K.L.:
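Mind having a look at this structure? Questions to follow.
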Amino acid sequence: MSQKVRVRFAPSPTGPLHIGGVRTALFNYLFAKKHGGDFLLRIEDTDQNRYVPGAEDYIVDALNWLNIPYDEGPGKEGGCGPYRQSERNDLYKQYAIDLIESGNAYYAFDTSEKLDFHRKDHEAKGKTFIYNWHNRLKLKNSLSMPAIEVERLLADGADYVIRFKAPESETLHLQDIIRGGMQIDSSVLDDKVLFKSDGMPTYHLANIVDDHLMKITHVIRGEEWLPSMALHVLLYRAFNWEVPQFAHLPLIMKPEGKGKLSKRDGDKMGFPVFPLEWKPADGAVFSGYREDGYLPEAVINMLAFLGWNPGTEQEIFSLDGLVAAFELDRVHKAGAKFDPEKTKWFQHQYLQGIDDTILASQFSEVLNEKGITTSLDVTKIVSLVKERATFLSDLWGQSNFFFITPENYNEKASLKAFKPETPEILKAVIEILSSAEDFSEANISEKVKSWVVSKELGFGKVMMPLRLALVGEMKGPDVFDIAAVLGKKEVIIRIENAITKIG
């Protein structure tokens, strides 16, 4: 690519950023970084009726948390700002006028009531009303009216829109990086509104003008914009501008595979669909991946595989690894089914990869919140239990017995583990452990197991009640690992407690 790659993520600040939008941002980011290009954020806030306070900050915070920050955008001014469309309003009208002057657009003065009449009239006849070549000369616009009448209406401040003049009969050959070649008959296109008399451009005009002025080389966006591609290509042609390359990403589908995953599906189905928690003004709370305990690396890895694969069996990728492997031509056309359990799998893999000392530091904060102070080796405890944890919060459930001496014992396990001879066996184990000067896992394991073999007891008769005494139930890592961490004094206290309470 001789021209420097420049891509943009252009969300509307109408609420929290759905993971479908995050996936679009991610693919733009990966493509830009793969080709040494720029990743821009543009806030498309021309629809002030739907503007939600806090939504823009949410978008920026989400990208930063996921470690895919933009190179240019609000607060990071490059040479193509401003990056909020509401601050660019003065730009658009002249471009709409230019299209009129070149014969590619026209003024239309039809009232909404008149257009509604035509729609209902067509429906009654089993037809669909389309404002384009076949009826534009019968409607109230600058193509069908004398120039002097048009000038009078404009001078009088009459309401108008500026419509694009779609070609009457042309086969458009469109190219999409993901979907390949497509052909569209221009006669089926309507004359889209580009500009309104209130001074506001529509999405189509603002989008094309901004992409051109921001020197965007590749438009990577969701499949829902595919029907607009023909109009956008025609607009580039009408302005005599170079057309960027297009790539339309597949939809993210519900877990059952039917229908697009919506903003309402997450809390309804028990998983987040937003990167960060969102609290709208009505007092509701929508869960986010960050607040639910997910690591940003796990969320990124999960999103990358929604509609893309590297062509290998590898599933775990660092962000740098994704940049190196990512290619748009490996993005699928078909919708990608969202899998909440696979998301947890990615989270589990990434939690396992965190250094034990870092995880222990984070877990120590959890212990502090619970009012627990300890002299035990928290790093060692984390290393023993993290294999069974998916989230940081799971570590407490897997390790609480280290910090709290059991007061009660699982009834079912007690009946199975404690037999009439069990108290005497445990008293013998206490003697063995008491005499051990080296209370390492390896040493106490060897001593107790050698004694079990010598007495021909069978390991279950010793290990089950020993675990129950130390843990209170049948869970946890190797029982001698537990004992070594607890230390001789605490282990003997716990065994004696079990003999008294169960035996």
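The structure displayed is predicted, hence computed values, not measured ones.
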K.L.:
Charged N to carboxylate O below 4.0 Å: is that the case for D356 and K386?
P.N.:
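Result for this pair is yes, salt bridge flagged.
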K.L.:
Y289 side chain to F274 main-chain N or O, any donor-acceptor pair under 3.5 Å?
P.N.:
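Checking the backbone N and O of F274 against the side chain of Y289, no donor-acceptor pair under 3.5 Å is found.
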K.L.:
Evaluate the side-chain contact (heavy atoms from CB on, under 4.5 Å) criterion for residues L367 and T373: first the C-alpha distance (whole Å), next the side-chain angles of each, then the deciding distance (0.1 Å), finally the verdict.
P.N.:
CA-CA 7 Å; L367 296 177; T373 56; over 6 Å; no
K.L.:
I'd like to know if R50 pairs up with D45 as an ion pair, taking the criterion as any Lys NZ or Arg NE/NH1/NH2 lying under 4.0 Å from an Asp or Glu carboxylate oxygen.
P.N.:
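Salt bridge absent between R50 and D45.
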K.L.:
Is there a side-chain contact between I300 and N67 in this structure, where contact means two heavy atoms from C-beta onward sitting under 4.5 Å apart?
P.N.:
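The answer is no; the side chains never approach within 4.5 Å.
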K.L.:
Between Y294 and W65, does a ring pair (Phe, Tyr, Trp, His ring centres under 6.0 Å) hold up when you go through it step by step?
P.N.:
CA-CA 11 Å; Y294 284 87; W65 177 66; 8.8 Å; no
K.L.:
Is the number of heavy atoms from other residues, nucleotides or ligands under 6.0 Å of K333 NZ greater than 12?
P.N.:
no
K.L.:
More than 12 heavy atoms of other residues, nucleotides or ligands under 6.0 Å from NZ of K501: yes or no?
P.N.:
yes
K.L.:
Could you walk me through whether M269 and E256 pass the side-chain contact (heavy atoms from CB on, under 4.5 Å) check?
P.N.:
CA-CA 11 Å; M269 298 183 181; E256 64 270 24; 3.9 Å; yes
K.L.:
Do the numbers put K33 on top of the ring of F31, so that NZ or CZ is under 6.0 Å from the six-membered ring centre and no more than 45° off the axis?
P.N.:
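No cation-pi geometry.
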K.L.:
Return yes when atom NZ of K337 has more than 12 non-hydrogen atoms of other residues, nucleotides or ligands closer than 6.0 Å, and no otherwise.
P.N.:
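At most 12 heavy atoms, drawn from other residues, nucleotides or ligands, come within 6.0 Å of this atom.
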K.L.:
Give me the atom names and distance for the closest heavy-atom approach of P227 to E224.
P.N.:
CD-O, 3.4 Å
K.L.:
Any donor-acceptor pair under 3.5 Å linking the side chain of S12 with the backbone of T14?
P.N.:
no
K.L.:
Show the numbers, then the answer: is there a salt bridge (Lys or Arg N to Asp or Glu O under 4.0 Å) between E496 and K427?
P.N.:
CA-CA 8 Å; E496 288 174 342; K427 287 176 184 176; over 6 Å; no
K.L.:
Please evaluate residues K488 and E437 with respect to the criterion salt bridge (Lys or Arg N to Asp or Glu O under 4.0 Å), reporting the C-alpha separation (whole Å), side-chain torsions for both, the decisive distance (0.1 Å), and the verdict.
P.N.:
CA-CA 9 Å; K488 183 189 296 187; E437 292 184 15; over 6 Å; no
K.L.:
Any salt bridge linking E44 with R88? Criterion: basic side-chain nitrogen under 4.0 Å from a carboxylate oxygen.
P.N.:
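So E44 does not pair with R88 through a salt bridge.
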K.L.:
As an exercise, state the distance from CG of D355 to CD1 of I358, rounded to the nearest 0.5 Å.
P.N.:
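Here the rounded value is 5.0 Å.
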K.L.:
Do D481 side-chain atoms and E441 backbone N/O form a donor-acceptor pair below 3.5 Å?
P.N.:
no
K.L.:
Among E72, H218, H35, whose side-chain hydrogen bond (donor to acceptor under 3.5 Å, both in side chains) with R6 holds?
P.N.:
E72
K.L.:
To check you understand the geometry: which heavy-atom pair defines the closest contact between Y58 and P275, and what is its length?
P.N.:
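Looks like OH-CD, 3.5 Å.
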K.L.:
Side chains of L328 and W308: closer than 4.5 Å at any heavy-atom pair?
P.N.:
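No; the side chains remain at least 4.5 Å from each other.
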K.L.:
Tell me whether the centres of the aromatic rings in Y70 and Y29 are closer together than 6.0 Å.
P.N.:
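Judged by ring-centre distance (under 6.0 Å), Y70 and Y29 do not meet the cut-off.
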K.L.:
Regarding K254 and D265, does a basic nitrogen lie under 4.0 Å from an acidic carboxylate oxygen?
P.N.:
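Counted as a salt bridge, because a side-chain N and a carboxylate O are separated by less than 4.0 Å.
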K.L.:
Can you tell me if N408 has over 12 outside heavy atoms packed within less than 6.0 Å of its CG?
P.N.:
no
K.L.:
Any idea which heavy atoms bring P406 and Y409 closest together, and the distance?
P.N.:
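Smallest heavy-atom distance, with atoms named: O-OH, 3.8 Å.
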K.L.:
Under the criterion side-chain contact (heavy atoms from CB on, under 4.5 Å), I'd like the reasoning laid out for Q175 against Q245: C-alpha separation, chi angles, the key distance, then a yes or no.
P.N.:
CA-CA 8 Å; Q175 194 67 30; Q245 293 189 56; over 6 Å; no
K.L.:
Decide yes or no for P280 and F286: does some side-chain heavy atom of the first lie under 4.5 Å from some side-chain heavy atom of the second?
P.N.:
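Heavy-atom side-chain distance check passes, below 4.5 Å.
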K.L.:
Would you mind checking if E490 and R494 are paired as a salt bridge, meaning a charged N to carboxylate O distance below 4.0 Å?
P.N.:
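Here R494 pairs with E490 in a salt bridge, since their nearest N and O are under 4.0 Å apart.
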K.L.:
Please report the closest heavy-atom contact between I482 and P477, naming both atoms and the distance.
P.N.:
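I482 and P477 have their closest heavy atoms at CD1-O, 3.6 Å.
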K.L.:
N207 side chain to H204 main-chain N or O, any donor-acceptor pair under 3.5 Å?
P.N.:
no
K.L.:
Would you confirm whether D71, through its side chain, and D38, through its main-chain N or O, come within 3.5 Å as a donor-acceptor pair?
P.N.:
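Such a contact is absent between D71 side chain and D38 backbone.
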K.L.:
Within the 3.5 Å criterion, strictly below it, is a donor on D210 or Y92 matched to an acceptor on the partner's side chain?
P.N.:
yes
K.L.:
Are any side-chain N or O atoms of R23 and backbone N or O atoms of L306, one a donor and one an acceptor, separated by less than 3.5 Å?
P.N.:
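Side chain of R23 to backbone of L306, a donor-acceptor pair under 3.5 Å: yes, one is there.
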K.L.:
Should we count NZ of K344 as having more than 12 external heavy atoms under 6.0 Å?
P.N.:
no
K.L.:
Does E87 reach the main-chain N or O of P82 with its side chain, forming a donor-acceptor pair under 3.5 Å?
P.N.:
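A pair under 3.5 Å: no.
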K.L.:
Do other residues, nucleotides or ligands put more than 12 heavy atoms under 6.0 Å from Q314 CD?
P.N.:
yes
K.L.:
Hey, does T390 have a side-chain heavy atom less than 4.5 Å from the side chain of L351?
P.N.:
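With C-beta onward as the side chain, the pair stays apart.
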K.L.:
Between E327 and R330, does any NZ, NE, NH1 or NH2 come within less than 4.0 Å of an OD or OE carboxylate oxygen?
P.N.:
no
K.L.:
Could you measure the distance from the OG1 atom of T343 to the CG atom of N301? Nearest 0.5 Å is fine.
P.N.:
10.5 Å
K.L.:
Please examine the side chains of L457 and W451, heavy atoms only from C-beta on, and report whether any two atoms are closer than 4.5 Å.
P.N.:
yes
K.L.:
Is any side-chain heavy atom of I372 less than 4.5 Å from a side-chain heavy atom of V366?
P.N.:
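SC-SC contact between I372 and V366 ruled out.
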K.L.:
Please report the shortest heavy-atom distance between A436 and I444, naming the atom on each side.
P.N.:
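In this case the closest contact between A436 and I444 is CB-CG2, 4.2 Å.
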K.L.:
Heavy-atom distance under 4.5 Å between the side chains of L295 and E297, does that happen here?
P.N.:
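Yes; the side chains approach each other to less than 4.5 Å.
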K.L.:
Give a yes or no on whether the backbone of E291 and the side-chain of E277 come within a donor-acceptor separation of less than 3.5 Å.
P.N.:
no
K.L.:
Between the side chains of D320 and S318, does any donor sit under 3.5 Å from an acceptor?
P.N.:
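There is no such pair (donor and acceptor under 3.5 Å, judged by atom type) between the side chains of D320 and S318.
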K.L.:
For a 4.5 angstrom cut-off between non-hydrogen side-chain atoms, does Y83 reach M214?
P.N.:
yes
K.L.:
Is it true that, when you exclude K263 itself, more than 12 heavy atoms of the residues, nucleotides or ligands shown sit nearer than 6.0 Å to its NZ?
P.N.:
yes
K.L.:
When you look at D394 and R388, which way does the salt bridge (Lys or Arg N to Asp or Glu O under 4.0 Å) test go after all the steps?
P.N.:
CA-CA 8 Å; D394 294 339; R388 299 168 182 82; over 6 Å; no
K.L.:
Mark yes or no for whether S435, through its side chain, and I432, through its backbone, hold a donor-acceptor pair below 3.5 Å.
P.N.:
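Such a contact is found between S435 side chain and I432 backbone.
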K.L.:
Hey, what's the ring geometry for W396 with F363, parallel, tilted or perpendicular (30° and 60° as the breaks)?
P.N.:
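If you compare the ring of W396 with that of F363, the planes turn out tilted.
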K.L.:
Knowing that exactly one of F326, F305, F9 qualifies, which makes a ring-ring contact (aromatic ring centres under 6.0 Å, His included) with F27?
P.N.:
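Looking at F326, F305, F9, the match for F27 under the ring-ring contact (aromatic ring centres under 6.0 Å, His included) is F326.
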K.L.:
Looking at H348 and E387, what are the two nearest heavy atoms and their distance?
P.N.:
CE1-O, 3.0 Å
K.L.:
Nearest 0.5 Å, what's the CD1-CD1 distance between I216 and I208?
P.N.:
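Atom-to-atom, I216:CD1 and I208:CD1 are 11.5 Å apart.
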K.L.:
Counting heavy atoms not belonging to K260, are there more than 12 under 6.0 Å from its NZ?
P.N.:
no
K.L.:
Is there a side-chain contact (heavy atoms from CB on, under 4.5 Å) between F480 and K449 once you walk through the steps?
P.N.:
CA-CA 10 Å; F480 295 109; K449 288 178 179 177; 3.8 Å; yes
K.L.:
Does the S361 side chain pair with the main chain of T357, one donor and one acceptor, at a distance under 3.5 Å?
P.N.:
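Checking the backbone N and O of T357 against the side chain of S361, no donor-acceptor pair under 3.5 Å is found.
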K.L.:
State, without any angle test, whether R221 and H248 hold a side-chain donor-acceptor pair at a distance under 3.5 Å.
P.N.:
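Checked: R221/H248 side chains pair up, N/O donor to acceptor below 3.5 Å.
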